[in-house]
Amino acid sequence: GSRHIPARVKREVWARDGQRCTFVAEDGRRCMETGGLEIDHVRPHADGGPASTSNCRVLCAAHNLYEARQYFGVHEQRDVPESYSISRSEAARGSG
């Protein structure tokens, strides 16, 4: 299926997440990053995750990659499935 995230979903996710990375470290600190943000699927699109408000969140590029590695069990960036990575231009537009 398409990786398209509807504009309505993007707007709701950006507003809900305060236009800031939502990653929370084990010690409870939330990432302070407000640049290079991406819309991420909690359950990845590559694994059937829907493009819904409840399944999407805002992450910085570093935490998006970290979460992909955690989910897929990869250790090198080149191992992240191509269908899971997005271009910088897509990230700037808020898709993912």
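Because the structure is a prediction, the values reported are computed rather than measured. We count residues from 1, following the sequence as given.
The backbone N or O of V13 sits nowhere less than 3.5 Å from a side-chain atom of R57 that would complete a donor-acceptor pair. For R43 (side chain) and D47 (main-chain N/O), a donor-acceptor pair under 3.5 Å exists by modelled atom type.
Residues forming a side chain to side chain contact (heavy atoms under 4.5 Å, CB included) with S52 (at least two apart in sequence, or on another chain): P50, S54, N55. For T53, the side chain to side chain donor-acceptor pair (under 3.5 Å) partners two or more places apart in sequence, or in a different chain, are E12. Shown here are the salt bridge (charged side-chain N to carboxylate O under 4.0 Å, His left out) partners of E33, two or more places apart in sequence or in another chain: there are none. For T34, the side chain to side chain donor-acceptor pair (under 3.5 Å) criterion is met by no residue, not counting sequence neighbours. Listed by chain and residue number, W14 satisfy the side chain to side chain contact (heavy atoms under 4.5 Å, CB included) test with Q19 (two or more places apart in sequence, or in another chain).
Residue pairs satisfying the salt bridge (charged side-chain N to carboxylate O under 4.0 Å, His left out) criterion with at least one member in residues 15-27, sequence neighbours excluded, are listed as follows: D27-R29.
Contact detail for V42 and C56: the closest heavy-atom pair is CG2-N, 4.4 Å. The shortest non-hydrogen separation linking C60 to G35 is CB-O, 4.4 Å. Counting all heavy atoms, side chain and backbone alike, R30 lies closest to C21 at NE-O, 2.8 Å.
Grouped with Y66 in one hydrophobic cluster are F23, L59, the linkage being side-chain heavy-atom contacts under 4.5 Å among Ile, Leu, Val, Met, Phe, Trp and Tyr residues.
Within the model, atoms NZ of K10 and NE2 of H4 stand 6.0 Å from one another, a figure rounded to the nearest 0.5 Å.
In this structure, V58 and D40 have side chains that are not in contact, with every pair of non-hydrogen atoms separated by 4.5 Å or more.
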